[in-house]
J.: 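This is the structure I have questions about; it appears just below.
Remember, it's a predicted structure, so these values are computed and weren't measured experimentally.
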Amino acid sequence: MSNKVYKLKAYYKSDSLEAGCDEAGRGCLAGPVFAAAVILPPDFANPHLTDSKKLTAKQRLAARTIIEENAISWAVAMVNNQEIDEINILNASFLAMHRALDQLKKVPEHILIDGHRFTPYKSIPHECIIKGDGLYLSIAAASVLAKTYRDEYMLKIHEQFPQYRWNKNKGYPTKDHRKALRKHGITPFHRRSYNLLDRQQKIPFPERTD
């Protein structure tokens, strides 16, 4: 995977079945927000696993294989752009995590969340860890899964709208993405509740047909 060594913690509570959760895509102008939940074995160790943002695309895919092969349970879920517009991105991120947790084959006894806020999931205790994807292996694993699955989704919808270059920017507010927005307007995958341009400017919003 990588020659760089990271010293992430294996667990927050050693006596609990612990799931790490993280999301990907909160800051994007288009596409869903994805989240993952991962329960790792207590003896899981990988010195090259860390926050997905610190890994290359190739390293993330290699890490994903290791995570999926070794995790006690893992799941990935998404909340689409229309739902994001309806409930806002913060609530959508929590909902995506809840949907991922719903899919786990084992019910965790404790949940680790990357960030500082979370809507409680059922009656399971949780801990919010700021920059937790660089501190705990289970959160780092969740960040890798959320990121890689979201990237693959964006590559698929890029085929429908290649002018936005989602194969490169993955929906984030890059110059080329906003340039395409000015020229072509929005797609059914854009988040209408977001400031889609870097300054106030009229942008065509075609009527939805869904």
J.: Check I157, D151, L155 against N167 for a side-chain contact (heavy atoms from CB on, under 4.5 Å) and give me the one that passes.
T.: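 Checked I157, D151, L155 against N167; only one passes side-chain contact (heavy atoms from CB on, under 4.5 Å): L155.
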
J.: Would you say that S193 contacts N88 through its side chain, given a criterion of any heavy-atom pair below 4.5 Å between the two side chains?
T.: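 They are not in contact (no side-chain heavy atoms under 4.5 Å apart), so the answer is no.
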
J.: OG/S52 to CG/D22 distance, rounded to the nearest 0.5 angstrom?
T.: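 The CG atom of D22 is 7.0 Å from OG of S52, to the nearest 0.5 Å.
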
J.: Is it the case that the side chains of T148 and R64 hold a donor-acceptor pair, with the cut-off being a distance below 3.5 Å and no angle test?
T.: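 The criterion, which ignores hydrogens and geometry beyond distance, is satisfied for T148 and R64.
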
J.: For the pair E18 and K106, find out whether any cationic side-chain nitrogen is under 4.0 Å from an anionic carboxylate oxygen.
T.: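 No, no charged N to carboxylate O under 4.0 Å.
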
J.: Would S143 and D133 count as having a side-chain donor-acceptor pair, cut-off 3.5 Å?
T.: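 No.
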
J.: Side-chain heavy atoms nearer than 4.5 Å, only ILVMFWY residues, links allowed to pass through others: does that put V76 and L40 together?
T.: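 As far as the 4.5 Å side-chain criterion goes, L40 and V76 are connected within one cluster.
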
J.: Would you say the side-chain atoms of D85 pair up with the backbone N or O of R192, donor to acceptor, closer than 3.5 Å?
T.: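 It does hold such a pair.
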
J.: Can you name the nearest heavy-atom pair linking A10 to L137, along with the distance?
T.: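 Smallest interatomic distance, heavy atoms only, reads CA-CD1, 4.0 Å.
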
J.: For the side chain of E109 and the backbone of L17, is there at least one donor-acceptor N/O pair under 3.5 Å apart?
T.: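 Flag set: sc E109 to bb L17 pair under 3.5 Å.
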
J.: Tell me whether E86 contacts the main-chain N or O of E83 through its side chain, where contact means a donor paired with an acceptor under 3.5 Å.
T.: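 Side chain of E86 to backbone of E83: no pair is present.
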
J.: Tell me the closest heavy-atom pair linking Y6 and L49, and the distance in Å.
T.: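 Looking at all heavy atoms of both residues, the shortest contact is CB-O, 3.9 Å.
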
J.: Would you give the length of the straight line joining atom CZ of R117 to atom OG1 of T119, rounded to the nearest 0.5 angstrom?
T.: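 R117 atom CZ to T119 atom OG1 measures 8.0 Å (nearest 0.5 Å).
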
J.: Provide the closest heavy-atom pair for L101 versus P108 in the form atom of the first, atom of the second, distance.
T.: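 It is CD2-CG, 4.3 Å.
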
J.: Would you say the side-chain atoms of S73 pair up with the backbone N or O of K105, donor to acceptor, closer than 3.5 Å?
T.: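 Checking the backbone N and O of K105 against the side chain of S73, a donor-acceptor pair under 3.5 Å is found.
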
J.: For the residue pair D102 and K122, establish whether any side-chain heavy-atom pair is separated by less than 4.5 Å.
T.: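 SC-SC contact between D102 and K122 confirmed.
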
J.: Might you point out which heavy atoms bring M154 and P32 nearest each other, and give the distance in Å?
T.: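 Smallest interatomic distance, heavy atoms only, reads SD-CD, 4.5 Å.
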
J.: Rounded to the nearest 0.5 Å, how far apart are CG of D176 and NZ of K179?
T.: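 The distance works out to 9.0 Å.
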
J.: For residues M97 and F118, determine if any side-chain heavy atom of one lies less than 4.5 Å from a side-chain heavy atom of the other.
T.: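 The answer is yes, as the side chains (C-beta and beyond) meet within the 4.5 Å cut-off.
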
J.: Can you check side-chain contact (heavy atoms from CB on, under 4.5 Å) on L196 and R178, steps first, answer last?
T.: CA-CA 7 Å; L196 296 176; R178 282 182 160 143; over 6 Å; no

J.: Taking the side chain from R99 and the backbone from M78, do they hold a donor-acceptor pair closer than 3.5 Å?
T.: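 Present.
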
J.: Do you reckon L112 sits in the same ILVMFWY cluster as W74, going by side-chain contacts under 4.5 Å, direct or chained?
T.: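 Each belongs to a different hydrophobic cluster.
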
J.: May I ask you to decide if P41's main-chain N or O and N70's side chain share a donor-acceptor pair within less than 3.5 Å?
T.: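 No, because the side chain of N70 does not come within donor-acceptor range (under 3.5 Å) of the backbone of P41.
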
J.: Can you confirm whether or not the ring centre of Y12 sits under 6.0 Å from the ring centre of H110?
T.: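 Yes, ring centres under 6.0 Å apart.
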
J.: Distance check, rounded to the nearest 0.5 Å: I84 atom CD1 versus R26 atom CZ?
T.: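 I84 atom CD1 to R26 atom CZ measures 10.5 Å (nearest 0.5 Å).
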
J.: Look at atom OH of Y11 and say whether more than 12 heavy atoms of other residues, nucleotides or ligands are closer to it than 6.0 Å.
T.: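 It does not: Y11 OH has 12 such atoms or fewer within range.
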
J.: Do W166 and F189 pass the side-chain contact (heavy atoms from CB on, under 4.5 Å) test, and can you show the C-alpha distance, the side-chain angles, and the key distance before you say yes or no?
T.: CA-CA 11 Å; W166 292 332; F189 296 105; 4.0 Å; yes

J.: May I ask you to decide whether D15 forms a salt bridge with K13, counting only side-chain N to carboxylate O separations under 4.0 Å?
T.: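 No, this pair does not count.
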
J.: Using every non-hydrogen atom in the two residues, find where A96 and V79 come nearest and quote the distance to one decimal.
T.: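 So the minimum-distance heavy-atom pair works out to N-CG2, 3.6 Å.
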
J.: Centres of the H190 and Y164 rings: under 6.0 Å?
T.: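 Under 6.0 Å, so yes.
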
J.: With no hydrogens and no angle check, is any side-chain donor or acceptor of Q103 less than 3.5 Å from a backbone partner on A100?
T.: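 No; judged by distance alone, with no hydrogens or angles, the pair does not exist.
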
J.: Sub-3.5 Å donor-acceptor pair from the side chain of R165 to the main-chain atoms of H177, do we have one?
T.: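 Here the side-chain-to-backbone pair does not exist.
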
J.: Transitively linked via ILVMFWY side-chain contacts under 4.5 Å: L197 with L29?
T.: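 Result: yes, single cluster for both.
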
J.: Set out, in order, the CA-CA distance, both residues' side-chain angles and the distance that settles side-chain contact (heavy atoms from CB on, under 4.5 Å) for I129 and I113, then state yes or no.
T.: CA-CA 6 Å; I129 311 289; I113 306 296; over 6 Å; no

J.: Find the distance between OG (S16) and CD1 (I124) and round it off to the nearest 0.5 Å.
T.: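 Rounded to the nearest 0.5 Å, the OG-CD1 separation comes out at 11.0 Å.
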
J.: Please give me the minimum heavy-atom distance between C28 and K170, naming the atom from each residue.
T.: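 Between these two residues, the closest heavy atoms are SG-O, 3.7 Å.
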
J.: What do the steps show when you test I139 against D51 for side-chain contact (heavy atoms from CB on, under 4.5 Å), and what is the final call?
T.: CA-CA 8 Å; I139 304 179; D51 170 10; over 6 Å; no

J.: May I ask you to decide if V33's main-chain N or O and R150's side chain share a donor-acceptor pair within less than 3.5 Å?
T.: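 Side chain of R150 to backbone of V33, a donor-acceptor pair under 3.5 Å: no, none is there.
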
J.: Check the hydrophobic clustering (I, L, V, M, F, W, Y; side-chain heavy atoms under 4.5 Å; chains of links allowed) and say if L145 and L55 are grouped together.
T.: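 Yes.
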
J.: Below 4.5 Å, heavy atoms only, C-beta onward: do H48 and Q59 meet side chain to side chain?
T.: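 A side-chain contact under 4.5 Å is absent here.
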
J.: Output the distance between atom NE2 (H184) and atom CG (L181), rounded to the nearest 0.5 Å.
T.: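 H184 atom NE2 to L181 atom CG measures 9.5 Å (nearest 0.5 Å).
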
J.: Same hydrophobic cluster for I186 and F161, using side-chain heavy-atom links shorter than 4.5 Å among ILVMFWY?
T.: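 I186 clusters together with F161.
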
J.: Hydrogens and angles aside, do D114 and Y136 bring a side-chain donor and acceptor to less than 3.5 Å of each other?
T.: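 Looking only at side-chain atoms, Y136 and D114 do not form any donor-acceptor pair under 3.5 Å.
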
J.: Do R191's NZ or CZ and the ring of Y194 fall within the cation-pi criteria of under 6.0 Å and 45°?
T.: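 Checked: cation-pi criterion met.
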
